[in-house]
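Report on one structure; see the data block that follows.
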Amino acid sequence: PKSDIDLFKLEHIDKLEIHMRSQRSNDIERNLEILEMIGKAAINLRSLIIGGKSFYYPEFFETGFKNFGTSLKVFTLKNDCFADSQHHQGIPLLHSYVHGAYVNSVNTFFKSLNENCPNLSSLNLGSAHQLRCLNTCLINSYLTYDHSKLFSMAGFKIVKELDVDFTFFHVGKGFAHFNWFFGLINDCNNIEKISLNGLMFPFTGTFAGTSSYFDYFMASIKEKFKNLKKCQISFQEGFDQQYEKTY
């Protein structure tokens, strides 16, 4: 407040939101230059929000992460970032593209964020229920999905607050398993606070014929986050009516 600022510049930005749309070939080079300019100038950025089709072009953010990464403390991923059933460049996302290039793009994005933001303390992740078709395995004759192996970053060791929003971005596309983000987080993490919002658990039934799903979920959280001091869980609207006979 005591500084006499007569011109607002990128270096004064404290919080920035970037929402990417599909890029035409003649826009990619121009937008790369724009993101590079922001990355080199916004050196005091503390909070970054990413939305839209950002994972299609992870190289857009690499320059930014490398420059303002040391000042970044809060990173937020919006629910609309992950692929849906639309087509990208003529390829069905929930089929061939999601299995290959798209997942690699997501990994590149998170890898760059992890490596270049050593002071990141709060990680807010959006819903990845659109990726539910990946890494399938058969348990108890039910088709389930092991999202914990989808990303194998094992990073973000410095993060202390983790927030995951499972709320559907598109209604009627199933639900995201709670542990899809496990592969992103180092097993030797320092997370003290975790919030899981909008969950829809199959409370009834058992996991692998032994324990209930709820017991399995809670045990997984306890095993993964050994420094946890606070855990907050909320469920999707209508959960109590659907599972009214369970605890």
Side-chain angles (χ1 to χ4, degrees), residues 14-17 45-51 69-82 106 109-111 113-129 131-132 145-169 175-204 207 211-244 246-247:
D14 178 79
K15 182 178 180 179
L16 176 66
E17 178 169 348
L45 191 69
R46 292 192 297 174
S47 178
L48 178 65
I49 302 171
I50 297 296
T70 54
S71 64
L72 195 65
K73 296 185 179 299
V74 180
F75 176 78
T76 300
L77 192 67
K78 304 191 79 172
N79 279 337
D80 62 348
C81 270
F82 289 96
V106 176
F109 183 95
F110 280 121
K111 186 173 185 292
L113 177 68
N114 172 54
E115 292 178 349
N116 296 293
C117 304
N119 296 312
L120 193 68
S121 60
S122 180
L123 188 61
N124 306 305
L125 301 174
S127 176
H129 68 271
L131 302 183
R132 69 191 184 283
Y145 310 97
D146 187 4
H147 284 78
S148 64
K149 296 179 180 179
L150 179 60
F151 306 120
S152 55
M153 291 291 304
F156 301 107
K157 188 174 180 179
I158 198 67
V159 171
K160 291 188 175 182
E161 294 186 11
L162 176 65
D163 182 290
V164 186
D165 187 353
F166 297 90
T167 307
F168 296 171
F169 181 68
F175 59 89
H177 283 262
F178 85 103
N179 63 343
W180 72 263
F181 55 88
F182 271 22
L184 289 175
I185 308 300
N186 198 305
D187 288 338
C188 301
N189 61 78
N190 292 296
I191 291 177
E192 299 178 354
K193 179 182 178 181
I194 185 171
S195 297
L196 306 176
N197 303 306
L199 283 173
M200 176 58 79
F201 282 148
F203 269 70
T204 56
F207 180 83
S211 60
S212 71
Y213 281 105
F214 181 76
D215 291 338
Y216 167 73
F217 293 147
M218 293 298 101
S220 298
I221 292 175
K222 181 179 179 181
E223 177 66 23
K224 183 71 174 181
F225 306 106
K226 295 181 173 63
N227 297 314
L228 202 60
K229 296 180 180 180
K230 184 177 181 179
C231 181
Q232 175 261 320
I233 297 176
S234 67
F235 299 98
Q236 292 184 21
E237 185 178 357
F239 177 87
D240 51 342
Q241 289 83 15
Q242 186 169 353
Y243 298 104
E244 59 183 3
T246 64
Y247 54 89

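Predicted model only: the values in this text are computed from it and were never measured.
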> Any idea how F225 and F182 line up, ring-wise: parallel (<30°), tilted (30 to 60°), or perpendicular (>60°)?
Replying inline: perpendicular
> Out of curiosity, L162 CG to N189 CG, how far, rounded to the nearest 0.5 Å?
Replying inline: 8.5 Å
> Within a strict 4.5 Å, meaning less than it, do heavy atoms of the D187 and K224 side chains meet?
Replying inline: yes
>> Using every non-hydrogen atom in the two residues, find where I158 and N119 come nearest and quote the distance to one decimal.
In response: CG2-C, 4.5 Å
> Got K15 and T76 here, is their nearest side-chain heavy-atom distance under 4.5 Å?
Replying inline: no
>> Which heavy atom of T70 sits nearest to which heavy atom of P118, and what is that distance?
In response: CA-CD, 4.2 Å
> Nearest heavy-atom pair of I50 and C81: which atoms, and what distance?
Replying inline: O-SG, 3.5 Å
> Should Q232 and N197 be marked as a side chain to side chain donor-acceptor pair (under 3.5 Å) after you check the CA-CA gap, both sets of side-chain angles, and the distance that decides it?
Replying inline: CA-CA 8 Å; Q232 175 261 320; N197 303 306; 3.0 Å; yes
> How many angstroms lie between CG in L120 and CG in L113, if you round to the nearest 0.5 Å?
Replying inline: 5.5 Å
>> Suppose we screen for salt bridge (Lys or Arg N to Asp or Glu O under 4.0 Å). Which residues come up paired with K226, at least two apart in sequence or across chains?
In response: E223
> Is there a donor-acceptor pair closer than 3.5 Å between any side-chain N or O of S71 and the backbone N or O of R46?
Replying inline: no
>> For the OG atom of S220 and the CG atom of N179, what is their distance to the nearest 0.5 Å?
In response: 6.5 Å
> So, for L184 and F156, which heavy atoms are closest and what is the spacing to 0.1 Å?
Replying inline: O-CD1, 3.5 Å
> When rounded to the nearest 0.5 angstrom, what is the spacing between NZ in K73 and CG in L123?
Replying inline: 14.5 Å
> Looking at side-chain heavy atoms only, is the closest gap between F166 and W180 below 4.5 Å?
Replying inline: yes
>> With a 6.0 Å cut-off (strictly less than), is the heavy-atom count around NZ of K157, excluding the residue itself, greater than 12?
In response: no
>> Suppose we screen for side-chain hydrogen bond (donor to acceptor under 3.5 Å, both in side chains). Which residues come up paired with E161, at least two apart in sequence or across chains?
In response: none
> Are any non-hydrogen side-chain atoms of L228 and I191 less than 4.5 angstrom apart?
Replying inline: yes
>> Could you work out, with side-chain hydrogen bond (donor to acceptor under 3.5 Å, both in side chains) as the rule, every residue matching E17, not counting sequence neighbours?
In response: K78
> Side chain of S234, backbone of G198: donor and acceptor closer than 3.5 Å?
Replying inline: yes
>> Applying salt bridge (Lys or Arg N to Asp or Glu O under 4.0 Å), can you list everything that pairs with K229, at least two apart in sequence or on another chain?
In response: E192
>> Distance check, rounded to the nearest 0.5 Å: S195 atom OG versus L125 atom CG?
In response: 11.5 Å
> Which pair of heavy atoms, one from N190 and one from N227, lies closest together, and at what distance?
Replying inline: CA-ND2, 3.8 Å
>> List the residues meeting salt bridge (Lys or Arg N to Asp or Glu O under 4.0 Å) with K160, not counting sequence neighbours, and say none if there are none.
In response: none
>> Among residues at least two apart in sequence or on other chains, which ones pass salt bridge (Lys or Arg N to Asp or Glu O under 4.0 Å) with K193?
In response: none
>> What I'd like to find out is whether the side chain of F75 reaches to under 4.5 Å of the side chain of V159, using heavy atoms alone.
In response: no
>> Distance check, rounded to the nearest 0.5 Å: D165 atom CG versus N79 atom CG?
In response: 4.5 Å
